[in-house]
Every structure is written in structure tokens, then in C-alpha cells.
Protein chains: 4
Amino acid sequence: MIETGIVGASGYSGEVLVRLLAKHPRVRLTTLAARSLAGRSLAEAMPSMADIPGDLSFIGADPAALAASSVEVFFLALPHGVASEFALPLVEAGKVVIDLSADFRLHDAALYREAYGADHPAPERLASTPYVIPELAAPGWEAASLIACPGCYPTSVQLPLVPLLRTGCIESRDLVINSVSGVSGAGRKATEFYSYCEREGSVTAYGIPRHRHAVEIEEQLGHAAKEAVTVQFVPHLVPMVRGIQTTIIARAAVSAAEAREVLRQHYTDTPFVRLLPAGKFPDTRAVAHTNRCDLSLTHDPRTGHFILNSAIDNLLKGASGQAIQILNGKFGWPATDGLL
Amino acid sequence: MIETGIVGASGYSGEVLVRLLAKHPRVRLTTLAARSLAGRSLAEAMPSMADIPGDLSFIGADPAALAASSVEVFFLALPHGVASEFALPLVEAGKVVIDLSADFRLHDAALYREAYGADHPAPERLASTPYVIPELAAPGWEAASLIACPGCYPTSVQLPLVPLLRTGCIESRDLVINSVSGVSGAGRKATEFYSYCEREGSVTAYGIPRHRHAVEIEEQLGHAAKEAVTVQFVPHLVPMVRGIQTTIIARAAVSAAEAREVLRQHYTDTPFVRLLPAGKFPDTRAVAHTNRCDLSLTHDPRTGHFILNSAIDNLLKGASGQAIQILNGKFGWPATDGLL
Amino acid sequence: MIETGIVGASGYSGEVLVRLLAKHPRVRLTTLAARSLAGRSLAEAMPSMADIPGDLSFIGADPAALAASSVEVFFLALPHGVASEFALPLVEAGKVVIDLSADFRLHDAALYREAYGADHPAPERLASTPYVIPELAAPGWEAASLIACPGCYPTSVQLPLVPLLRTGCIESRDLVINSVSGVSGAGRKATEFYSYCEREGSVTAYGIPRHRHAVEIEEQLGHAAKEAVTVQFVPHLVPMVRGIQTTIIARAAVSAAEAREVLRQHYTDTPFVRLLPAGKFPDTRAVAHTNRCDLSLTHDPRTGHFILNSAIDNLLKGASGQAIQILNGKFGWPATDGLL
Amino acid sequence: MIETGIVGASGYSGEVLVRLLAKHPRVRLTTLAARSLAGRSLAEAMPSMADIPGDLSFIGADPAALAASSVEVFFLALPHGVASEFALPLVEAGKVVIDLSADFRLHDAALYREAYGADHPAPERLASTPYVIPELAAPGWEAASLIACPGCYPTSVQLPLVPLLRTGCIESRDLVINSVSGVSGAGRKATEFYSYCEREGSVTAYGIPRHRHAVEIEEQLGHAAKEAVTVQFVPHLVPMVRGIQTTIIARAAVSAAEAREVLRQHYTDTPFVRLLPAGKFPDTRAVAHTNRCDLSLTHDPRTGHFILNSAIDNLLKGASGQAIQILNGKFGWPATDGLL
């Protein structure tokens with residue numbers, strides 16, 4: 001049993017991570033560090049976790065103390081900018097660090113500055129930190145001690161697009177991406193905008209013309225296409241708690257049968273990504289509370305487009321579930337351990 | 001006081017229409033005809049209408065009897081194919097007919113056959129029946145006795161696009177339209193798919209690659225652009241009752257300031273369409289239970305696109321509210337009569 | 001046309017009141033006073049009101065200035081404690097004041113102190129200010145200048161109970177009242193508890209053992225029963241925006257037929273209260289966006305109880321709709337004016 | 001690894017049971033029998049289960065074939081009346097049968113006839129079949145081969161009441177029970193009443209004056225009180241998918257401190273039932289997707305009542321989670337196995 005800890009567990013994805021680690025058959029969750037919850041028991045601070053055995057309590061989040069602890073693997077569920085304050089000393093101390101923040105997702109420090117409005121604290125680490133969607137990452141990432149776990153919008157976009165771009169099944173220009181997200185994607189909120197009465201019955205676009213995640217999406221799609229890619233990305237909020245549905249319009253470069261075959265083969269041996277039969281479309285409800293991504297590819301002969309749809313649970317495949325998948329891959333365990 | 005009647009009032013938009021006519025200061029609602037509800041009182045058949053005064057009861061829907069009645073204006077809230085069975089004899093008998101069905105929305109009988117899978121029963125009437133979104137229709141439509149009232153997706157698409165296409169502010173090629181709709185758009189349903197437990201938390205695309213409404217949208221946009229227009233239209237269902245939010249990606253042909261000015265001027269004197277200030281985006285909640293359409297236009301200099309967003313209440317501006325607006329326009333009454 | 005104004009219009013019931021007055025055929029809404037919104041236009045401060053004609057803007061809320069204005073009727077949509085600062089000078093200046101706050105709902109100053117934790121600023125006005133649920137209030141209230149408009153829970157409780165208590169159809173002891181409320185009952189909120197992600201899927205009791213509204217309910221039921229009444233009142237929050245459903249368990253003192261006949265007769269000539277046929281139960285959805293209250297009475301011969309159910313829209317019959325009903329009654333206008 | 005099977009897995013609780021067994025560390029799920037799904041693969045028939053490994057497919061539900069299979073433990077997720085057709089031959093064949101239907105929940109055949117309108121097919125089995133809420137059932141139930149798993153309303157009612165009735169902390173007369181349930185409690189539905197547009201925003205009582213579950217509740221509370229108990233039980237539907245919140249008004253016979261101590265002690269060593277601190281109230285959201293029941297006890301000195309609140313997830317502690325708890329208890333495994 002490997003000893004694990006979470007730093008910054010107070011948000012919704014942190015909460016999901018607590019449960020995933022508590023039920024994982026190969027690890028023990030021994031450390032919960034969160035400044036805002038220090039000193040409180042798990043059951044009291046997070047009532048929905050009250051059935052988790054053990055007497056877990058939150059401690060303060062001190063990098064040096066955590067580096068000196070017996071925990072082998074740390075998950076960072078921290079805001080960008082803060083995560084790197086923990087990631088570097090923990091890696092230095094020999095820990096494995098799976099970072100759910102945005103701090104090591106970009107490989108280009110200039111893009112980081114553009115997207116996050118501040119200089120990156122450790123730009124020299126950016127290029128060497130693997131960006132791991134396990135179904136897409138280049139083999140060898142398992143050797144790394146610090147691993148960037150991608151988030152919700154980028155995961156829902158890359159799972160359908162990357163295999164098709166790599167194989168030239170679609171053109172890399174004129175990609176139009178519309179995503180709708182459940183409200184938990186914004187994290188815990190105490191604002192009127194995120195109040196129940198304002199979100200119920202409300203659908204609205206936001207963050208355009210250039211959402212932060214578009215920067216990350218473009219960098220990764222560029223790697224896949226082996227050329228610079230510019231996308232039109234429009235995120236929306238819809239009245240549900242969990243889930244992301246992404247609809248992508250891409251110019252077809254091959255037949256629908258060929259493109260479907262590329263996706264089918266790419267995802268053959270993966271338990272969490274599934275290409276739906278023609279005429280079926282991904283539904284956020286079908287993937288909610290699972291680590292799955294459902295995909296569909298539809299050809300429109302009138303426009304010459306493929307319409308690609310994907311659905312994930314933003315707190316699982318879009319955050320904490322993906323982090324557990326990374327853990328399983330890193331240690332060579334079965335992909336579904338702790339994730340059913 | 002003009003005497004009005006509704007044929008086929010049993011659906012959600014029919015229900016909304018009952019209330020709108022009941023509170024309209026210039027009309028009396030005297031006739032409710034619906035096969036499935038014949039003989040039942042309004043309060044019993046539609047509990048939410050129980051405060052409407054008068055002793056309204058449903059009668060059977062017989063074209064000849066309705067043609068012989070004293071009602072001056074009929075609203076048809078019937079399925080396509082059925083509406084024309086009523087529209088033609090009622091118009092013949094000198095009635096004004098405002099048709100909320102799809103029967104007279106297309107001007108080309110071949111397109112009707114393609115979209116609805118049957119020959120149109122009165123193709124000779126198609127070209128002469130005005131298609132009236134009041135803010136966009138060519139002047140003179142008020143003289144017609146039979147008027148087609150457009151529905152929810154097409155209204156949400158045309159209000160932002162038509163003024164821009166007419167003035168050449170955008171290119172007419174490569175239009176990508178993503179819409180999300182509340183569940184009432186599908187009408188009253190008794191299926192597992194539309195059950196609460198299946199729709200709650202569910203976002204999914206449907207009806208692709210070519211939804212029926214895309215045919216209507218393309219015909220109308222073609223009139224505006226004065227050339228054939230092909231669009232990529234992807235509708236989605238989201239977990240709310242009312243509302244449509246549409247996001248359109250269009251190639252800019254002028255500056256954002258020029259395009260915004262075109263929209264601003266076009267909608268200056270209209271109470272129901274509003275261009276939001278830059279940085280604000282239409283929200284279905286803000287237009288719910290109103291006849292309004294909110295619009296936004298955002299320029300992305302990286303892609304050269306305008307991102308156009310619109311939001312309406314599908315049962316009001318997308319159906320019954322628009323029908324009342326047509327009534328007000330036809331009789332020269334103030335646009336907001338009965339619509340506040 | 002009578003000139004009207006709203007003081008404190010920034011909450012959800014204030015917003016509803018704006019629309020009700022804007023569409024009322026016998027009044028003009030000329031004044032919107034709200035400290036937090038002073039200087040902003042209606043359309044900008046409340047996007048959902050953007051179709052309301054006129055150039056309404058918010059002004060600051062200054063009692064003296066309002067007292068000097070030409071407005072004849074003021075609606076106070078203010079927090080308790082604040083409302084009386086406006087009510088007294090406005091009444092003094094000859095205005096009609098319809099107060100939606102709790103300030104003049106209790107007749108006993110000691111109860112006010114117990115419920116609201118502060119001395120009442122004008123205890124001498126309490127006994128003489130009529131408490132008006134129009135269907136229940138004693139005739140003659142129309143002569144008053146200051147009128148207390150009861151709120152959501154008390155209205156949903158009194159409409160079924162008061163006629164039965166007055167006529168001895170039920171015993172006044174052992175009343176158990178369970179109410180569930182939509183989230184808008186708590187007003188505009190910027191707290192984590194009221195955030196979408198926390199309220200969705202959440203049902204919970206609150207405010208027990210003694211909610212403020214229980215004090216008001218007991219005082220009014222005591223008047224009806226002509227003896228002191230103690231109730232067990234348990235309010236709950238449920239995941240919807242609008243609506244209150246109340247379930248009351250009362251000891252039957254007469255047959256179900258007699259009790260139903262008392263309710264039927266009491267509400268015969270009222271457009272807004274409806275006794276449902278046996279076997280049908282009030283549904284918040286059927287009364288949403290209306291000023292109605294639906295009622296049912298069910299007898300359980302095993303327990304000797306009547307089960308009374310009621311449903312209202314908390315923002316209409318439970319707040320602003322009731323205020324308009326009071327306006328109509330005060331001026332002798334038809335009850336449904338502006339309320340369909 | 002014990003081999004398990006489910007008969008009648010097509011409903012919502014069947015679906016949940018599939019996942020619970022698939023992830024349970026001590027069992028293999030090898031058999032899924034459901035008439036309506038025979039021949040279909042799990043992933044195709046239940047898209048949300050597509051990540052469950054193995055090539056599970058549904059077979060027809062034939063009692064004789066199932067009795068001859070190698071499966072050791074069967075879960076019956078069948079309608080009442082049908083379950084006994086399977087339970088008896090399977091038990092006869094030496095299988096363990098955990099029955100989630102109502103067929104063996106009542107001990108009195110006359111009550112069964114009253115509640116279900118038909119004679120019980122095996123009345124001689126009723127008295128000897130243990131009714132097992134694991135936290136409440138008398139020791140020794142583990143020896144039985146056929147075990148009745150109680151459902152949602154009765155579980156939410158008995159967990160707070162039974163320890164208090166057994167110890168005389170409350171009186172057994174005048175119990176008033178109000179429950180609200182999420183829509184999944186009604187199972188998969190294809191009716192207009194259960195459609196999204198009808199349930200959203202809808203709260204309504206139903207099934208009064210005497211719901212079927214009241215019969216079961218009264219029989220069990222009678223065992224606890226050692227005298228006949230009559231309750232007033234009012235169930236309601238609210239717009240959420242999962243969850244039951246129950247509010248009980250009971251006459252206090254001891255102090256609040258004593259009653260709280262009884263509950264605290266009774267549930268000390270149970271991972272799934274938790275008494276909340278005074279001033280906190282159970283919330284369906286906090287127990288959703290867990291097997292927990294949260295409880296609160298509040299004393300009202302004015303009325304002499306205890307107000308008892310409980311919340312569970314109807315598909316877990318109110319159905320399939322409880323069935324797994326029974327499995328764990330039957331085989332002496334840790335209570336939380338497969339339930340975190």
C-alpha cells in the first residue's frame with residue numbers, strides 16, 4: 001500500500017479525489033493538507049465524506065513539512081501559481097507529484113505569461129514535465145516525478161481531436177469548438193452569479209474571444225498536427241452540476257469510415273474512452289460519476305465537415321479521475337483500479 | 001375587441017398562447033379547439049390556467065365549424081401537415097390565420113418534401129405566404145391573411161445573422177451554428193428519453209448532420225445574402241425547461257464597430273431585440289418569460305471571426321410571443337400590447 | 001392612471017413587482033428607489049426587465065424626497081426594520097403604503113421583539129395596521145393608508161387553515177405544518193450555501209424549532225380560532241427557484257364533506273384560490289408565475305386527521321402578486337387587473 | 001470471490017447494483033438476467049456502465065435456469081409479485097437471495113393483501129423471512145437464505161424512530177411523517193407526469209391518505225414499540241433525481257439529551273448512520289451517491305415534540321447500497337466493502 005496525500009483538497013475536485021483515494025485498493029490516504037480547513041476533521045469539513053473510515057483530519061499546507069513526511073505520492077489540487085510552490089520542493093524531496101493545477105500544463109513560458117498574467121516561477125521545468133492524458137501521452141511519461149494532469153475542457157477537446165490530427169484525418173485549420181460545462185467547473189463559489197437562482201434556467205457563453213484553456217488546447221493540438229493550430233473555442237455554462245459536452249466542427253480530409261477506424265483503433269484497449277456507434281451522441285448524464293469519455297463522429301457531406309462530440313464528467317475524467325488514472329499508469333497498476 | 005381562437009392548444013406553446021390572449025387588452029379569446037381536449041374546461045385540462053376568467057372550454061377541431069364561427073383571428077398551434085388542413089378553409093372564409101406550425105415556413109415545395117418527407121398539400125400558397133419575424137420581415141406582410149410564424153431555432157439564428165448578411169458585414173460561407181435548447185422545445189412528451197431522470201444532468205447533441213430547421217434557416221439566410229447559403233447547424237438539449245442559446249461563428253467582412261453599428265441601428269426602435277454591450281453575453285434566464293431576444297457580437301482578431309450569441313424564450317419569442325407580435329403588427333397595435 | 005413607486009426594488013420580489021406594475025392597466029410606475037442601484041437604468045440593473053418601456057432609472061431611497069413626490073402609492077420591498085423608516089413619513093405625507101416587509105405584520109410588539117430581536121420603532125401603529133390576505137382579511141381594510149402584505153409561508157398556511165378554524169371544522173391544537181420552499185424565498189444571495197452546486201439535489205430542513213414566520217402564523221391563527229394557537233412549523237429548502245408547498249396535519253372536527261364545503265363556499269367568488277377535486281393535490285409548477293393558491297383537503301379515517309395541502313408562487317401570491325391584489329382591492333378595481 | 005447475479009436489473013436501482021457488484025472486492029458479478037434486455041450487452045443496454053470490465057450481457061430471466069447456475073448469491077430487483085416467482089425456487093436450490101422487492105417485507109399476509117391488492121404467493125414464508133436494515137435488525141438474520149431488503153421511505157423513517165421507540169424516548173401515538181423524494185424513486189418512467197417539463201419546478205404530495213409504504217412502516221414501528229402504531233405518512237415528489245428527506249414529529253417522553261444519547265449509542269459503531277450535532281440538519285446532497293443516512297434530533301419545548309430529520313440516497317441506502325450491506329453482513333465482511 002502506497003502512502004498518498006492531497007494538498008489543497010477543499011474544492012469540488014479535491015473532495016472527489018479524497019473519495020477516490022479512500023476507496024483505491026492499492027493506496028492509503030494519510031494526509032490532507034489545506035490551509036482553509038486546517039485542524040478540522042474530514043467528516044466535519046466535508047459532510048459528504050463522513051462514511052470514509054479512518055480518522056482523517058486536515059493539516060496546514062506547509063511545503064517543508066510535507067516534504068519531510070512519509071507520504072510517497074502527492075496530488076496538488078491547488079490554484080495555479082500556488083501549486084508550483086509545493087511541486088518543486090516535494091519533487092526535490094523525492095516525492096511523486098501529480099499536479100491538477102495549470103502550473104505545468106503549458107510548455108512555453110511565454111504562453112503561460114499570456115494566459116495567466118504572471119511569469120512562471122520555474123520556467124525551466126516546463127518543457128520536461130509531461131502533460132498526461134493517459135490515452136494520448138507519449139510512452140515514457142511514467143518515469144517522471146512531476147506530472148501535469150490536464151483539466152476538463154482540454155481533455156474533452158483533445159480526446160476526439162488528437163488521434164485525427166496525428167493521422168491527417170482532419171485539417172488543422174478552421175477548427176470551431178463549442179463546449180458547455182456544468183457549474184462545478186467553476187469551483188466552490190460564494191457569488192451572486194453562481195447562486196442557485198441565477199444559474200437555474202441559465203445558459204450563457206463566457207470567456208470569449210480567448211479563454212485561458214484555448215491557449216493550452218492550441219499548444220497541444222499543435223504538437224499533434226506538427227504545425228501551429230488556432231482554434232475558435234467558445235465555452236458556455238449550463239444548469240447542471242457535473243459534466244462537459246464538447247462539439248467540434250472540423251474539415252474532413254478522409255472518409256468518415258477511415259476517421260472512425262482511426263478513433264476505434266486508437267481507443268481499442270482503453271477502458272475509459274468509447275466511440276459510440278453512428279447515430280448515437282455522447283450524453284453528460286451517461287458519463288457522470290464515471291471516469292469515461294464518450295465520443296461520436298458524424299460526417300456532413302453537404303459541408304464536408306466532421307462533427308465531433310465528446311462528453312466527460314469534469315470532476316473525474318476532467319480532473320480527479322484522470323489523476324488516479326495517472327497514478328495507476330505511473331505504478332503500472334490496472335487502469336480501472338479505484339475508478340469503477 | 002377582436003375575437004380570437006386557438007386551434008390545437010394542447011401543447012406547451014398553446015398553453016402560453018392561451019394566457020397571452022387572455023391578458024391581451026385588445027382581444028377576446030373565445031374559442032379553444034383541440035381534438036384531444038374537446039369537452040373539458042380550460043381550468044381542468046390546464047391547471048396552470050385556472051385563474052383565467054370566463055368559462056372557456058375546449059371544443060373539437062372541425063375546420064368547417066370554425067370557418068363558420070364569429071372568430072376573426074385564428075392561431076394554429078398544430079403539428080406540421082395538420083395545420084394546412086385548417087389554414088386553407090379558414091383563410092377562404094375570410095379569417096386571419098397566424099400559423100405557428102412549419103407548414104408555410106418554407107417557400108420551396110421541394111425543400112418541404114426533403115425536410116418533412118411528404119408533399120405539401122398546397123404548394124401554390126408557399127411563395128405568397130409571408131414568413132414573419134416582425135423585426136426582419138419585409139414591409140407589406142401586414143396585408144396577408146395567412147402568416148407563417150417562425151419557430152425557436154430559426155428565430156434565434158436569424159435575428160443576429162440577417163442584418164449582418166444583408167449589409168455584407170459577414171461572409172455567407174462557413175457559418176457554424178451551435179444551439180442549445182431547453183426541453184420544452186420538444187413539446188409534451190411521454191417517453192423515457194424525455195423523463196426527468198434522463199434529462200436532468202444531461203447535455204447531448206441530436207438531429208445531426210441535418211436538422212429540419214437547418215433547411216428553413218438556409219432558405220431564409222439565402223434571401224438575406226442574395227446567394228445560396230449552407231450552414232453547419234448543431235442543436236443540443238440541456239437540462240432546463242425554457243430557453244434557447246445560439247452561438248454562431250461567422251467570418252468578419254467589416255470591423256466589429258461597423259457590425260455592431262449595423263445591429264444597433266437595425267434594432268433601435270424595436271422593444272424586443274437588444275444588443276448587449278461588449279463583454280456581456282445573452283443569458284436564457286434573463287429572457288425567460290419575456291418576448292425578448294438578447295444579442296452579442298464579439299470579434300476574435302486571431303481567427304477573424306465574429307462570435308454572435310443570442311438568447312430567447314422558445315415558448316415566447318420562439319413561438320407564442322412572436323405570434324402575438326404578429327397580431328399586433330397586423331392590426332397596427334403597439335408592439336408590447338399583451339407582451340409585458 | 002395612478003402614479004406608483006417601489007422602494008427597495010433590488011430583490012427578486014422587487015423585480016417581479018416592477019413587471020407587475022409596468023403591465024398594470026390602471027397605474028403608471030414612475031419611481032424606483034433603491035440605495036444599491038441609484039443612478040442605474042432599469043434595463044442595465046435588471047437585464048430581465050429590458051423590454052419594459054419608458055426610461056425608468058433607479059433613484060436613491062430618501063424618505064423625505066419620496067414623501068414630497070407626486071407618487072400616490074408606494075410599495076415597500078425592504079428588509080424588516082428598514083421599511084418602517086419609510087412607511088411612517090410616507091403615510092404622514094398622505095401616500096398609500098403597501099408594505100411587503102415584516103414590519104407591520106405582527107400586532108403585538110412583544111412578539112415583534114421576540115421574532116426580530118429589536119424593539120419595534122412604532123409599536124403604536126401595529127394594532128391599527130391591517131394584515132391583508134385579501135381572501136381572508138376583515139372588510140374595511142381598504143380604508144387604511146398603511147397595509148401589511150403577508151409573505152410566502154404564512155399565506156400558504158393561512159389560506160387553507162383560517163376558514164376551517166373560524167368555522168370549527170378542525171381543532172386548533174396539535175397542528176403540524178411542513179412547508180418546502182424554492183430557493184428564491186431566501187432572496188438574492190452571494191454565499192456558498194446558496195450556490196448552485198450546493199442547492200442542486202439538496203433538500204434540508206432549517207430554522208427549527210421556531211422559525212420567525214411561526215410567530216406570525218400563530219398570531220393570525222389565534223385570531224381565527226379565537227384562542228391561543230401553537231403550531232409545529234418545519235420549513236425546508238428544495239431545488240427549485242419558485243414555489244411553496246405546504247402540508248398541514250389537523251384534527252378533523254367535522255366530516256370531510258362539511259370541511260370541503262366550507263372551503264368551497266369561502267373561495268367561491270375569488271379568482272386566485274381554488275379547491276382541487278378530491279384525489280388531486282396542489283403542485284407548485286401549476287401555480288408558478290401566477291397569483292394563484294391551489295388547495296386540497298384529504299381525510300384519513302384511520303388517524304382522524306385532515307391533510308391540507310397548498311401551493312403558491314412565493315414571489316407572486318407570496319409577495320408581489322398579493323401586493324397588487326391589495327392595490328386592486330384598495331382602489332376597488334377588478335381583482336385580476338395586472339395579474340393574468 | 002463469490003459469484004453473484006442480478007435478476008431484473010433494468011431499473012435505476014438495478015443499474016446502481018450492477019456497478020456496486022462490479023467494484024466489490026470480494027465478489028464477481030457473472031449473471032444479469034432481465035426479460036426486457038435479454039441478449040443485449042451491458043454497455044449497450046446501459047450506456048453509463050460502459051467502463052465496467054468483462055463482457056457482461058443480459059440473459060433471459062428463467063427461474064429454473066438460474067437455479068441450475070453456479071451463481072451463489074442472487075439479488076432480486078423485480079416488481080412485487082414477480083420477485084417471489086424467483087425467490088422460492090432459488091432458495092430451494094440453495095442460493096442466497098437478497099430481495100429488493102416488497103414481496104417479503106411484510107410479515108402479515110393480510111396486510112400484504114391490503115397493500116398490494118393480491119394474495120401473497122407464499123404466505124408461509126413471510127414470518128420467517130428477516131426484514132433487514134442492518135443497523136436495526138435483530139442478530140441472527142445472517143443465517144437466513146432469503147432476506148428482505150427494505151426500501152427508501154421505510155429506511156429513512158425507521159433509522160431515526162426505531163431506537164427511540166424501543167427505549168421509550170418517544171410516544172408511539174400521533175406520529176406525523178412527511179417525506180420528500182427525488183424522482184428516481186418512481187423508477188424508469190415513460191409518462192407525461194414524469195417528463196422533465198412536468199417535474200422541474202414541481203413539488204406535490206401524492207399517495208395520501210394511505211401510501212403502501214405506510215403499512216410496512218406501521219408494522220415495523222409496532223415491533224419496535226411493542227404495540228400497534230398508526231402513523232400519518234405524507235410522501236411528496238421534488239425536482240431532484242436522487243434522495244429522500246424525512247421529517248418526523250414525535251411526542252418527547254424524555255429529555256433531548258437522553259434521546260440524543262440513545263441515538264448516539266445505537267449508531268456508534270456503524271459507518272453509515274450519523275447523528276448530526278445540534279443545529280445541523282440532514283441534507284440529501286451530502287448523502288447522495290453514498291450509502292449513508294444522516295440524522296438530526298431537535299426538541300421544541302413549546303410543543304413538547306422532537307423533530308427528527310433523516311436523509312438518504314434512495315438508490316443506495318434506500319435500495320442497492322443496503323442490499324450490499326446485507327451481503328457484507330451475511331458473509332461477515334467489513335461493512336464498507338464495495339460501498340465507498
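The analysis underlying the following values was restricted to heavy atoms, covering all of them including side chains, and did not include hydrogens, waters or symmetry mates. The sequence lines fix the lettering, A, B, ..., with proteins before strands; numbering per chain opens at 1.
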| task | Below 4.5 Å from any heavy atom of chain D, which atoms of C:Pro282 appear? Answer side chain, backbone, both or neither. | result | backbone
| remark: Under 4.5 Å to a heavy atom of chain D? For C:Asp283 that would be both
| remark: Among C:Val238, C:Val241, C:Ile244, C:Thr247, the residue with the most heavy-atom pairs under 4.5 Å to chain D is C:Thr247
| note | Honestly, the part of C:His299 sitting under 4.5 Å from a heavy atom of chain D is backbone
| message | Checking the side chain of D:Ser202 only, and the main-chain atoms of C:Thr284 only, is there a donor and an acceptor separated by less than 3.5 Å? | response | no
| message | For C:Leu237 and D:Gln245: C-alpha separation, side-chain torsions, deciding distance, then whether side-chain contact (heavy atoms from CB on, under 4.5 Å) applies. | response | CA-CA 11 Å; C:Leu237 271 181; D:Gln245 203 280 154; over 6 Å; no
| remark: Heavy atoms of D:Arg302 and C:Val231 approach each other most closely as NH1-O, 4.0 Å
| note | Honestly, the part of D:Ala205 sitting under 4.5 Å from a heavy atom of chain C is both
| field | Point-to-point distance, once rounded to the nearest 0.5 Å, from OG1 of C:Thr204 to NZ of D:Lys280 | value | 10.5 Å
| said: On a heavy-atom basis, which atom in C:Pro209 and which in D:Thr298 lie closest, and how many Å separate them? | reply: CD-CG2, 3.8 Å
| So does D:Arg285 pair up with C:Glu200, basic N to acidic O under 4.0 Å? | no
| message | Only pairs of heavy atoms separated by less than 4.5 Å count here; which of C:Asn309, C:Asp174, C:Asp300, C:Val203 has the most with chain D? | response | C:Val203
| request: Applying side-chain contact (heavy atoms from CB on, under 4.5 Å), run through D:His236 and C:Val180 and close with a yes or a no. | output: CA-CA 10 Å; D:His236 306 73; C:Val180 308; over 6 Å; no
| What residue, out of C:Glu218, C:Arg242, C:Arg173, has the most heavy-atom pairs lying under 4.5 Å from chain D? | C:Glu218
| Measuring heavy-atom distances to chain C, does D:Ile307 have an atom under 4.5 Å in its side chain, in its backbone, in both, or in neither? | side chain
| query | Among D:Val176, D:Thr303, D:Asn178, which has the most heavy-atom pairs under 4.5 Å with chain C? | reply | D:Asn178
| task | Under the side-chain contact (heavy atoms from CB on, under 4.5 Å) rule, what do C:Ile249 and D:Val234 come out as? Steps first, then yes or no, please. | result | CA-CA 10 Å; C:Ile249 307 301; D:Val234 185; 4.0 Å; yes
